[in-house]
Amino acid sequence: MPGKLKAKIVAGRHLPVMDRASDLTDAFVEVKFGNTTFKTDVYPKSLNPQWNSEWFKFEVDDEDLQDEPLQITVLDHDTYSANDAIGKVYIDIDPLLYSEAASVISGWFPIYDTIHGIRGEINVLVKVELFNDLNRFRQSSCGVKFFCTTSIPKGYRAAIVHGFVEELVVNEDPEYQWIDRIRTPRASNEARQRLIFLMSGELQRKIGLKVLEMGGNAVVGYLQCFDLEGESGLVVRAIGTACTLEKLSSGSGTHTHPNTAPASNACNSPSKDGKEPVFGEDLPSSSGPSTPFRALPTSSSSPPPFSPSKPCSRQSSSSDTDLSLTPKTGMGSGSMGKDAGPLKTLLRQQTQTALEQREFPFFTLTSFPSGFLLHVGGVVSARSVKLLDRIHNPDEPETRDAWWEEIRQEIKSHAKALGCHAVVGYSESTSICEEVCILSASGTAAILNPRYMREGCLDLGGSDQRFEDPSPSSCGFCHIPYDELNMPFPAQLTYCFHCRRQKVPDVLFTTIDLPSDAAIAGKGCFIQARLCRLKKKGQGEANATAISNQLPFMEYELHTQLMNKLKLRSMNALFGLSIQISVGENMLLGLASATGVYLTALPAPGGIQIAGKTPGDLNTEQHILNIQKRINDTIAKNKEFYEVNPPDLTEEVVGSPIPEPRLRSRLFRSHSESSDELSELDLSHGKKDAFVLEVDDTDAVEDIQSLLTDASPPKGFYSCNTETMPGIYNWTSALQMFTSVRVLRLSNANLSNQALNKVFTDLCENLLKSFYFKLRSMIPCCLSHLVFSVAVPEEDLIQVAVTAVAMTFDKDQTQDKPAEKPITKGCSEAEDQLQFSLELCTDSSSINSQSSSKNSGVPESSHLSTRDRCSTWLELLRLKAHTIRRGSVKTISSLEHSSPLTDGRSRSLRSSRSFGGSSVSVVKMTPLSFLPGTRIVKYVGIINMFFIRETTSLREEGGVSGFLHSFVAEVFAMVRAHVAALGGNAVVSYSMKDCVLMENPNKNQCQCLINVSGDAVIYIRETDQEVTGSTANIRLSCTSSADGAT
Amino acid sequence: MAVELDVFVGNTIIMSEEVYQLWLDGYTVNDAVKVRMEGGVLDEFDAKADVVLSDTMDQYRTFQMCERLLHSPTKLANQLLFQIPPHRQATLIERYYAFDDVFVREVLGKKLSKGTKKDLDDISAKTGVMLKSCRRQFDNFKRVFKVVEELKGPLVENIRQHFLLSDKLARDYAAIVFFANNRFETGKRKLQYLTFQDLAFCAGQLINNWTVGAVDNMVEDMDVDLDKEFLQELKELKVLITDKDLLDQHKSLVCTALRGKTKAFNEMEANFKNLSRGLVNIATKLTNTKDVRDFFIDLVEKFIEPCRSDHWTAADMKLYLTHYTNSAHILDTFKHQVVWDRYMGVIKSCIFKMYHD
């Protein structure tokens, strides 16, 4: 009996009136866990019952503890008829299962009913006593921590990054079971909610087991998704990155000396004893190191719903020649650093052996400790169209597993073709319409530093350091990982504009965040490509084939749009690229979002030239000249707006005159089901000059027009879809997280592709415009982590849901800020700072002081000896860190002083409150992994919640908008309540995974499903010295924060 | 291309005070958009009507959802649905319970019943306050009235605690409740010149001095009902006008004190008996509920109007009433000093407040 769960029902408040006669309620509570149920007494005639129950004790397996939620039902007692349910609360007790997180769940939870929404609140106390079970055949994985955050959580350091973990579980969807015909909508919704809670619990437990087997203790970048496959079932799947995390010794470790911080207690952790060196063999899957995987040729292994796929030529050739993933190092010695060549090869082989043993060297992380990422190849993506069939045996969801396996293999082979041994910033998604399902996966091919893969990697500064890649961190990741003479695709290479020693591509597309030490010019910019394609309605295989035939063209067009828009802003790299393709009955939607940046290591992008197809025609020429002028003006305007003023480059060294033909892209993708065409398809614009846009027909004109209609944000606003806005470093603490949903009904059924595109583009643009307008009071402000998700819920409906955060920053940002940036960032977490300084240390001692000193903005000091320089550097860094720290302290405190009125007023208000005692504490929410101006001191648990809301009185609730508005507000409220009950005061890495809306206005009905996740944390203001998460402290720090837009 | 659905929800409530005011004032969404567009604040954002419309809709929905909570403001502080910073909560409540003086002037002293509610459209037409806003204000009065009706303790304090209002607003509500409870007549033509603030001030005086609460502060309705015993005692003041000697003595004392100090002395002397009779009669009749209702009209008719027709200045009025009150203390046979002071204190300050054009 490895666990005892205890729950106590304290009180309720604001209950709804259940008895019309007395205007009161006779409430009691049922507490259920697994199959055991307890009841409280009835508290008669009150809307604010005080049950103060005994402790209800459940003795359960830890397996159940992980899978099951605690289910609390509030009912109204009725002597004569059946008791009426008021609502339910599901509490995920997972956060109580690991020692460092919350020790008790205690607080007010909204009582939720799927038909009526929130109906009052209930105060609950939950505790768990866990007896450790050392049985090695156990099925539970208590103690493995889960983080949604896609970087190493603050306050931790990654001792080892083990790699990719994935799992999926399937079940029948209760909504589609026969019983649903006879039960109430409420019962059906509740069955569904409960089932999904169970499934995600089970999923998490299974992933935890895999992590334990690998020797890890945590999952970072945990991404869980639901596929509502309708008739064929319900799939819950998750991917993540297994790590061994260590808590940094002191919470405020910012002042610790770099060399003392990495406590080497990793070896003491029991999970790793003996296991680690051979963890490859521990993998449950069959592909051990001895078995080379069968890369793509999947025609035989994948169940072919329609025409069996043939691998594209490039893939097959690569799978024939080097399955072992060996980068072709020897063949292109020219591209490698001259002196470091052999060492690098050795290094790579080490890395490779570490990575080779893994089935999938994938990482769901998007930002990494400094030095982790050596080179970035480019975006790799794969899509596949499948026909859904009923899952016959839910216990062995083989087909779904096989589908994903196939896609991952493809991704892996793409990465290999780019000369990379790993994929970072990896994610998976689906889009389902009726029986057709598009599976997508994408990531960024990369070469990683091996020292994070192995045991003993903690001993930084040891012998490993000599093998360290000599590239400076500010440009190293831009250097091509593939071989110059054997390039996977045609590309224009130049010598790195930073170190001048290695080759870089002309543009770089990635799915990850901008590395914190990357050298950039100006600010970043949100770039979006939108595309809408009509499709004939169809069924079965024909439909699937039609879709898969369209996909490559859509990707091509999206890619072209991105490229042009990037040029229009005179930038040369995209970060955080995500391409979403959604399928509907009669159309396909494509939406690519990314953040454009000017990387100073890469060559400057040229302008865009317009060329007419028919020279001689005066009218056309004039027209073209006009367009050209407008384009040039836009580029100039954008340059100014985003402050893209690249440092003067010595052009003659590179010798790439502008416009240089053949600028190539890094996007590398394929479709398993339509690979025949694919092998012919070259995303790099074939023989045409990428800079030259040809105006040969009206479509092209409209394309160019639409290029120019993208309005830049109003003054004072910036936007991006990455974690932080490149080029803005001085955040102030005000933030406003928001979710916005818009659905457009296409009134005219016979729209052309062009018109449809315009409608879709306008929809997205208008959304952005309305964000700027609503949040105008926060100027200067940046919309960060703008995540758009599109769907086609019904024929002729386009749905766009956006979640993002608006953050204010200090306008008076000095120009030399970029040089200090790594330190600024490092202030918030000891880890970063430490890594950075160490990096510098090695750099300066081993090689090339010139380049490294140049790019970190410190004046060159060649007369100093290496050692001297090293120490002065550190000195300087520390000094800077201090001044910045002091500076930020100052601004924060002045901010607090500037609003004494607000504070005073709030306090007086609180004191005058006579009712209910405590006021509700503020819970901040953000999709980012950090809160500006604060330090996260503790992660108290992962939040993963699923809600269904339904109404049969849509008009009365204010139509669909009114219905969804209150539902979204309710979801926020429930997330906040759970976080507060865990003792947290913020949610980071918040995301809304799903928002599925089904309406039937004629029947006055509507149903909506929302899935959200994030990490509950306790933060303190950077100024507070105490590291105690005492609520008083927190409340104080929260109240003075600005409340966002008015 | 119809926008089927459009919502924007922030983790912290997103509202603009301007839009909140438009909502409170009863503007429809479309009218509010018009007003905002004309306001011109949006020019720099080159905001199109659709952007403003979408923003206005979002806020209107938020306010509608909040309205239920605003009906019992204490809930707003510990509800979980919306995250509202404390200063925002205060603004939301204070503005929601704010009212138009022109509107409240119309319903002051009327019974807060369904009947009155039916007349709201007339009031709306007369005052120019939108019907929707009238309804909200009227319902607020009714709600506050209902809650404090059965509570013990000081009226203003009760209102402030249960509705989390500012001191000023709580006092105004206390006045409204007091007027509604005692059904003072305020609608007569002769009283039209009085503003709500005049009457609210008088109500404050009455509450503080003439109610049960002025003596005992733990009784139900203590601040709403006039002190019956006191009203009874007021009858004793009759002696001031019935006893001829006393009346003459009083007059001569007052006139001695006033002589040479004011230009209106002759009128004061001539009118003394009349005015004194008027004030004392008001006092003696207050045991009668009907006469309580006519308190203000009586004050105007019996005292203020005669003075005004004699062109007394405000200073004259002050001087006269001060000496009129104080001289009564010197009358040897007049034994009801305490009651007299309690009565005249209120009368004095009410008349001062009410004596204007």
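Proteins come first, then strands; the chains are lettered A, B, ... in the order of their sequence lines, and each starts at number 1. FYI, side chains are in, hydrogens and waters are out, and symmetry mates aren't considered; it's all heavy atoms of this structure.
- The aromatic rings of B:Tyr96 and B:His71 sit tilted, their planes meeting at an angle between 30° and 60°.
- For chain B, the option among A:Glu999, A:Gln799, A:Glu121 with the highest count of heavy-atom pairs below 4.5 Å is A:Glu121.
- Every residue meeting the side chain to side chain donor-acceptor pair (under 3.5 Å) condition with A:Asp762, not counting sequence neighbours, appears here in chain and number order: A:Lys758.
- A tilted orientation is assigned to the rings of B:Tyr20 and B:Phe63, their planes being inclined by 30° to 60°.
- In terms of heavy-atom pairs under 4.5 Å with chain A, the best-connected choice from B:Gln64, B:Gln79, B:Met57 is B:Gln79.
- Applying the side-chain contact (heavy atoms from CB on, under 4.5 Å) test to B:Asn208 and every residue at least two apart in sequence or in another chain returns nothing.
- Per-residue counts of heavy-atom pairs under 4.5 Å with chain B were compared for A:Ala969, A:Ser961, A:Gly959, A:Ser966; the largest is that of A:Ser961.
- In terms of heavy-atom pairs under 4.5 angstrom with chain B, the leader among A:Ile798, A:Val960, A:Val741 is A:Val741.
- Of the residues A:Phe773, A:Tyr772, A:Phe771, the one that meets the ring-ring contact (aromatic ring centres under 6.0 Å, His included) test with B:Phe8 is A:Phe771.
- Interface remark: A:Phe109 contributes backbone atoms only to the contact with chain B (heavy atom separation under 4.5 Å).
- For a residue to count as touching a neighbouring chain, one of its non-hydrogen atoms must lie under 4.5 Å from one of that chain's; by this rule A:Leu997 touches chain B with the side chain only.
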